[in-house]
Amino acid sequence: MRIRVVNPNTTSSMTAAIGTAAAAVAGPGTIVEAVNPTMGPASIESHYEEALAVPGLLEQIAIGEQEGVDAYVVACFGDPGLDAAREVATGPVVGIAEAGFHAAAMLGRRFGVVTTLARTTGRAHELAERYGFVPLVTEVRACEVPVLRLDDPTSDARALVVEECRAVIAGGADAVVLGCAGMADFCAEVSRAIGAPVVDGVAAATVLAESLVRLGLTTGKRGEYAVPPDKPMAGVLAGFERNPVAGVLAGSERNPVAGVTVGADA
Ligand code: 2AL
């Protein structure tokens, strides 16, 4: 089974860390391929950047379709482009916020979220509403660490994330969902520090995507998520006018940054 984990930002060091976190939980026989687009923002922490990340994300999904990928993970906590990705993909597409919320809901009565900048808390609340988890979310806290500073081992980022996670538990939550893919590599460390379950959406989404494939399930293509038709597209989006599954997107570049094979029979 091949699972493609798409980091929708263009920072390859973050893609590599995401790939490692996904591969660490994938089962025997699963190939985890972490990729990022060749166009788009270096990190996503505003609605503007989220919108501009989506064409590159969709391009990576379309390439995955040509290569026979079984399922995808959208590895950014805003779950950008998730509906559009489901239109392009045949197999399941799982967002990390979506997966993190579902996992946390099974670990206790209520859970909280710790995200990066305060400006991203609105999206986290909106996604909780979309996925039906509002009654379970105690709060969404921001550690005020920008995404790319999470990558810097010399920064105070980890300590700030721990502090906010501790506050979430003190506020009555049973578990914490980490609100950024860039936090994936220190999830276990944070959990140990606060003595409570901490969910990394990248790991949760990888295992959920894998489970859906194992169950023989695919994205429903008979209604809302049907493949979009060919349509004229102007300007820089001209390469997207072909039906993204039937056609090769003009100028598409495959950009595998971290390909990790798990299991002997992968
Ligand atoms: C994220 C994320 O997961 N990746 C990214 O670039 N931005 N999330 C966030 N809350 O800032």
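Everything numeric here is computed off the predicted structure, so don't read it as measured data. Indexing begins at 1, ligand by ligand and atom by atom, following the structure's order.
- Note on residues 168-183: no pairs pass salt bridge (Lys or Arg N to Asp or Glu O under 4.0 Å), not counting sequence neighbours.
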What does the N/O contact table under 3.5 Å look like for ligand 1?
from: ligand 1; atom 1: 3 (O); to: F77; atom 2: N; distance (Å): 3.0
from: ligand 1; atom 1: 3 (O); to: A181; atom 2: N; distance (Å): 2.8
from: ligand 1; atom 1: 6 (O); to: N9; atom 2: ND2; distance (Å): 2.9
from: ligand 1; atom 1: 6 (O); to: I44; atom 2: N; distance (Å): 2.8
from: ligand 1; atom 1: 7 (N); to: I44; atom 2: O; distance (Å): 2.5
from: ligand 1; atom 1: 10 (N); to: T115; atom 2: OG1; distance (Å): 3.1
from: ligand 1; atom 1: 10 (N); to: T116; atom 2: OG1; distance (Å): 3.2
from: ligand 1; atom 1: 10 (N); to: G179; atom 2: O; distance (Å): 2.8
from: ligand 1; atom 1: 11 (O); to: I44; atom 2: O; distance (Å): 3.2
from: ligand 1; atom 1: 11 (O); to: T116; atom 2: OG1; distance (Å): 2.8

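- Shown are T115, L117, N9; of these, the side-chain contact (heavy atoms from CB on, under 4.5 Å) with E45 is made only by L117.
- Scanning both residues, G40 and T10, for their nearest heavy atoms gives O-OG1, 3.4 Å.
- Side-chain N/O atoms of E49 and S43 include no donor and acceptor closer than 3.5 Å.
- For H125, there are no side chain to side chain donor-acceptor pair (under 3.5 Å) partners, not counting sequence neighbours.
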List the atom pairs, donor and acceptor, that lie under 3.5 Å between side-chain atoms in residues 201-211 and the rest of the protein, sequence neighbours left out.
from: T206; atom 1: OG1; to: V202; atom 2: O; distance (Å): 2.7
from: E210; atom 1: OE2; to: G27; atom 2: N; distance (Å): 2.7
from: E210; atom 1: OE2; to: T30; atom 2: OG1; distance (Å): 2.5
from: S211; atom 1: OG; to: V207; atom 2: O; distance (Å): 2.7

